[in-house]
Amino acid sequence: MIETDLAAFTQALHEAATTTHTPQRLSALRRAAEHYHGPFAHGGDYPWSDSVRASLASKAADAVAALAHHAEHTGARQDADDALALLDKAITLSPTHERLYQHAIRLHQAAGRHDTARHTFTLLERNLKELGLEPDPATRALLTTRTRTAHLG
């Protein structure tokens with residue numbers, strides 16, 4: 001029998017999708033995110049792998065985003081720290097996935113790390129600029145809104 005990260009990743013996603021028990025779902029999402037180590041068949045230029053590669057990357061980002069969303073709403077420091085570690089890894093693997101940056105910015109701000117939130121936004125700007133793109137106004141508003149609130153409070 002051969003064990004692969006892909007099989008473990010897929011199994012964890014299946015478990016997350018089929019359980020209604022929140023702790024089990026979160027555990028399965030965590031396992032899925034930990035098993036994703038980068039693009040499928042990295043380095044191989046196989047036409048058939050492009051759609052698989054994109055689908056797996058999207059599923060990995062969705063798993064991390066779900067964990068971050070949970071952490072944003074529980075307010076638990078350990079959940080936030082765990083989510084931020086996974087977000088850092090996911091952002092490294094998908095440097096232009098803006099939704100991941102949005103979660104990271106919100107979690108950093110909630111922890112009072114406004115400089116880190118601004119740095120995260122700057123990293124997004126730089127990565128998107130390489131593609132001739134700019135951050136979504138909603139992402140920019142995260143910094144503007146939180147910064148104003150922090151100065152007023």
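Note that the numbering runs from 1 along the sequence shown for the chain. Predicted model only: the values in this text are computed from it and were never measured.
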Let me see the working for His114 and Gln109 under side chain to side chain contact (heavy atoms under 4.5 Å, CB included), right down to the final yes or no. CA-CA 5 Å; His114 301 286; Gln109 288 173 329; 3.9 Å; yes

Working to the nearest 0.5 Å, report the span between [atom1] of [X] and [atom2] of [Y].
X: His119; Y: Ile105; atom1: NE2; atom2: CD1; answer: 11.0 Å
X: Leu87; Y: Leu67; atom1: CG; atom2: CG; answer: 8.5 Å
X: Arg106; Y: His69; atom1: CZ; atom2: NE2; answer: 9.0 Å
X: Thr139; Y: Glu98; atom1: OG1; atom2: CD; answer: 3.5 Å
X: Leu86; Y: Asp81; atom1: CG; atom2: CG; answer: 11.0 Å
X: Leu124; Y: His97; atom1: CG; atom2: NE2; answer: 11.5 Å

Heavy-atom neighbours of Lys59 NZ exceed 12 at 6.0 Å: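 No - once you tally the heavy atoms of other residues, nucleotides and ligands closer than 6.0 Å, there are 12 at most.
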
Tell me, yes or no, whether the heavy-atom count around Arg25 atom CZ, taken from other residues, nucleotides or ligands under 6.0 Å, exceeds 12.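 No, not enclosed.
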
What is the minimum heavy-atom distance between [X] and [Y], and which atoms define it?
X: Ala28; Y: Ala16; answer: CB-N, 3.6 Å
X: Ala32; Y: Ala12; answer: N-CB, 3.6 Å
X: Pro95; Y: Thr92; answer: CD-O, 3.8 Å

Do [X] and [Y] belong together in a cluster built from hydrophobic side chains that touch within less than 4.5 Å?
X: Leu84; Y: Tyr36; value: no
X: Leu93; Y: Leu123; value: no
X: Leu131; Y: Phe121; value: no

Are the side chain of Ser27 and the backbone N or O of Pro23 linked by a donor-acceptor pair below 3.5 Å?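 Side chain of Ser27 to backbone of Pro23, a donor-acceptor pair under 3.5 Å: no, none is there.
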
Between Ser55 (side chain only) and Ser51 (backbone N and O only), is there a donor and an acceptor less than 3.5 Å apart?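 Between the backbone of Ser51 and the side chain of Ser55 there is no qualifying donor-acceptor contact (under 3.5 Å).
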
Please tell me if the side chains of [X] and [Y] come closer than 4.5 Å, counting only heavy atoms from C-beta onward.
X: His35; Y: Gln11; answer: no
X: Arg30; Y: Glu34; answer: yes
X: Leu100; Y: Val64; answer: yes

Using the rule given for side chain to side chain contact (heavy atoms under 4.5 Å, CB included), can you reason through Asp62 versus Leu13, listing the C-alpha separation, both sets of side-chain angles and the distance that settles it, and then say yes or no? CA-CA 10 Å; Asp62 289 346; Leu13 287 177; over 6 Å; no

Salt bridge flag under 4.0 Å for residues Glu125 and Arg118: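 The answer is no: the pair does not qualify as a salt bridge.
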
Regarding Thr122 and Arg126, do their side chains bring together a donor and an acceptor under 3.5 Å, going by distance alone?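 Side chains of Thr122 and Arg126: no pair found under 3.5 Å.
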
Given Gln24, which of Thr18, Leu29, Thr19 fulfils the side chain to side chain contact (heavy atoms under 4.5 Å, CB included) condition?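 Output: one option passes, namely Thr19.
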
Using the side chain to side chain contact (heavy atoms under 4.5 Å, CB included) definition, which of the options Asn127, Leu142, Leu128, Leu143 pairs with Pro135?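 The passing option is Leu128.
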
